[in-house]
Amino acid sequence: MHTLPVLLLALTCTIASATRPNILFILADDLGVHDLSSSGSTFYETPALDALAASSTRFSQAYASCQVCSPSRASIMLGKSPLRHGITDWIGAKSGTDWKRNTKLLPAKYTHTLPTTDTTIAEALLHAGYRTFFAGKWHLGGQGSLPTDHGFQINKGGIAKGSPPGGFYSPYKNPLLPDGPPGEPLPIRLAQETAHFITQHHTESPSTPFFAFLSFYAVHAPLQTTPHLWKKYQAKAPKHQGNRFTPDRTLPVRQTQDHPLYAGLLETMDTAIGNLLTKLDTLGLTNDTIIIFTSDHGGVSSGDAYATSNLPLRGGKGRQWEGGLRVPLFIKHQGPQKTIKTPVTGADLFPTLLHLAK
């Protein structure tokens with residue numbers, strides 16, 4: 001796809017300040033393109049993300065670089081397709097002759113860490129004078145290939161694992177994120193860590209731009225929420241006329257957005273995002289900050305908690321149909337908002353952000 005000019009033309013003319021903009025990149029995990037109120041959901045409630053979308057340039061045909069997380073995340077970090085950087089499956093997946101499923105077709109071996117020979121977006125911005133920060137899910141390698149090995153000066157919670165070791169409530173059991181008060185929600189904590197970094201940086205080095213990458217573990221399994229939110233969405237769930245699941249090749253596929261645990265977890269992530277954006281406003285940094293929001297691939301409609309429905313798109317996470325690859329993408333910046341219909345991918349964000357950062 002020749003998509004880079006689309007992002008550049010859509011955004012370049014709106015960053016007219018002589019100073020380089022701050023960049024806040026927010027990445028959700030396993031969030032489907034139709035999982036926001038603003039994208040058509042009548043079950044989930046996402047007021048903070050809806051408001052952000054309304055004030056942003058929206059890309060109505062945004063695609064993840066892969067239908068699973070590690071390859072897609074590496075493409076965002078490197079601006080390359082999975083075939084180019086070599087991470088072609090989620091890190092930890094079996095490959096070669098270790099593959100034990102009922103098929104004679106063996107998957108190719110893949111790279112298990114983010115290549116050190118490539119330049120990440122964080123390394124490029126750090127070299128250009130940006131202060132860099134990472135919080136949340138990494139899943140691009142362990143010791144020797146953590147965020148701090150790839151250009152991020154601060155890392156809060158980014159480890160080798162792709163799901164939160166202790167779940168979504170403290171104690172987190174994460175060696176790089178101290179536990180909070182018992183029961184503290186992980187999405188809230190990660191947004192707080194990001195807000196603390198931005199506040200401290202603004203106080204100490206207001207003339208230096210920052211690049212903050214908030215990578216939520218939500219809304220990945222294990223799906224967890226509070227009793228209050230569970231009851232709220234249990235009562236709101238639509239009454240069904242017919243099957244809630246329909247078989248598609250090897251697995252049943254959820255047909256309706258009605259999972260109360262998923263809805264509660266999504267609302268908690270939305271609240272966390274709202275808190276962070278409010279902090280930007282309070283500090284007077286919103287107009288000086290480019291804000292990107294997207295997901296690493298489509299929602300989980302079959303397997304792995306059967307979290308959501310991506311209809312009318314077919315499939316979801318793990319499947320190379322539209323439901324597994326289409327993602328929300330919007331970019332808030334100064335200037336008029338618009339909707340871009342030309343297809344773009346997560347890999348396009350690397351060169352576009354470097355251009356906008358001059």
Side-chain angles (χ1 to χ4, degrees), residues 27-50 52-53 58-69 72 90 137 162-163 168 187 216-226 229-271 273 293-330 343 346:
L27 181 63
D29 191 11
D30 291 8
L31 183 71
V33 69
H34 298 310
D35 286 351
L36 306 179
S37 305
S38 56
S39 61
S41 178
T42 58
F43 181 56
Y44 308 129
E45 297 180 16
T46 54
L49 282 169
D50 297 338
L52 180 61
R58 302 176 65 174
F59 295 85
S60 61
Q61 293 196 65
Y63 287 84
S65 296
C66 189
Q67 76 278 21
V68 290
C69 52
S72 177
W90 61 273
K137 175 172 174 173
S163 58
F168 283 101
F216 285 106
Y217 283 93
V219 282
H220 193 285
L223 300 184
Q224 296 174 326
T225 190
T226 63
L229 289 175
W230 181 85
K231 290 178 182 179
K232 170 185 174 178
Y233 286 103
Q234 180 74 3
K236 187 180 179 181
K239 307 306 177 187
H240 299 283
Q241 302 294 328
N243 294 330
R244 297 168 60 215
F245 296 88
T246 297
D248 190 345
R249 294 183 64 186
T250 59
L251 289 170
V253 180
R254 184 177 288 275
Q255 301 296 293
T256 306
Q257 293 182 342
D258 63 355
H259 200 313
L261 292 175
Y262 182 80
L265 180 56
L266 176 53
E267 180 174 325
T268 301
M269 183 180 73
D270 184 79
T271 299
I273 292 171
F293 176 82
T294 190
S295 177
D296 59 354
H297 48 67
V300 184
S301 60
S302 57
D304 204 22
Y306 299 85
T308 191
S309 171
N310 297 308
L311 294 178
L313 304 180
R314 184 182 181 186
K317 175 184 178 179
R319 302 296 182 93
Q320 289 184 236
W321 294 312
E322 289 276 304
L325 292 168
R326 286 276 292 277
V327 292
L329 171 61
F330 30 92

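What's counted below: heavy atoms across the whole structure, side chains too, no hydrogens, waters or symmetry copies. Everything numeric in this text was worked out from a predicted model, so none of it was measured.
Contact between Leu223 and Ala307 at its shortest, heavy atoms only, is CD1-CB, 3.9 Å. Closest approach of Ala221 to Ser163, counting heavy atoms only: O-CB, 3.6 Å. Taking each heavy atom of Ser295 and Val327 in turn, the nearest pair found is O-CG1, 3.6 Å. Taking each heavy atom of Gly315 and Asn310 in turn, the nearest pair found is O-ND2, 3.0 Å.
Looking only at side-chain heavy atoms (C-beta outward), Thr46 and Leu266 come within less than 4.5 Å of each other. Within the 4.5 Å cutoff, no side-chain heavy atoms of Trp321 are placed close to those of Leu313. Looking at heavy atoms from C-beta onward, Glu267 lies in side-chain contact with Glu45 at the 4.5 angstrom threshold. Counting heavy atoms from C-beta outward, Val33 and Ser39 have side chains that stay 4.5 Å or more apart. Looking only at side-chain heavy atoms (C-beta outward), Gln255 and Val253 come within less than 4.5 Å of each other. Counting only heavy atoms from C-beta outward, the side chains of Thr256 and Phe245 never approach each other to under 4.5 Å. Between Gln224 and Leu265, every side-chain heavy-atom pair lies at or beyond the 4.5 Å cut-off. You'll find the side chain of Tyr217 reaches within 4.5 Å of the side chain of Phe168, heavy atoms only.
Atom-to-atom distance recorded for His34:NE2 and Leu311:CG is 8.5 Å, nearest 0.5 angstrom. In this structure, the separation between OG on Ser301 and CZ on Arg254 is 9.5 Å, given to the nearest 0.5 Å. A distance of 14.0 Å separates OH in Tyr63 from OG in Ser72, rounded to the nearest 0.5 Å. Taken to the nearest 0.5 Å, the CG atom of Leu36 stands 5.5 Å off from the CG atom of Leu31. Rounding to the nearest 0.5 Å gives a distance of 4.5 Å between CG of Leu251 and OH of Tyr306. In this structure, the separation between NZ on Lys239 and CG on Asp258 is 10.0 Å, given to the nearest 0.5 Å.
The number of heavy atoms from other shown groups lying within 6.0 Å of CD (Gln234) is above 12. More than 12 heavy atoms of other residues, nucleotides or ligands lie within 6.0 Å of NZ in Lys236, so this atom counts as buried by the packing criterion.
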>> side chain to side chain donor-acceptor pair (under 3.5 Å) for His297 and Asp30? Distances and angles first, verdict last.
In response: CA-CA 6 Å; His297 48 67; Asp30 291 8; 3.2 Å; yes
>> Please determine whether side-chain contact (heavy atoms from CB on, under 4.5 Å) holds for the pair Arg58 and Ser38, giving the CA-CA distance in whole Å, both sets of side-chain angles, and the decisive distance to 0.1 Å.
In response: CA-CA 11 Å; Arg58 302 176 65 174; Ser38 56; 4.1 Å; yes
> Should Phe293 and Leu49 be marked as a side-chain contact (heavy atoms from CB on, under 4.5 Å) after you check the CA-CA gap, both sets of side-chain angles, and the distance that decides it?
Replying inline: CA-CA 9 Å; Phe293 176 82; Leu49 282 169; 3.7 Å; yes
> Could you walk me through whether Arg314 and Glu322 pass the side-chain contact (heavy atoms from CB on, under 4.5 Å) check?
Replying inline: CA-CA 6 Å; Arg314 184 182 181 186; Glu322 289 276 304; 6.0 Å; no
> Can you list the steps and then say if Val300 with Thr308 is a side-chain contact (heavy atoms from CB on, under 4.5 Å)?
Replying inline: CA-CA 6 Å; Val300 184; Thr308 191; 5.6 Å; no
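A salt bridge (charged side-chain N to carboxylate O under 4.0 Å, His left out) with Lys317 holds for exactly one of Asp29, Asp304, Asp35, Asp296; it is Asp304.
Ring centers of Tyr233 and Phe43: under 6.0 Å apart, within the cut-off. You'll find the ring centres of Tyr262 and Tyr44 inside the 6.0 Å limit.
Judged by distance alone, the side chain of Arg326 and the main-chain N or O of Ser60 form a donor-acceptor pair under 3.5 Å.
A donor-acceptor contact closer than 3.5 angstrom links the side chains of Gln257 and Ser41.
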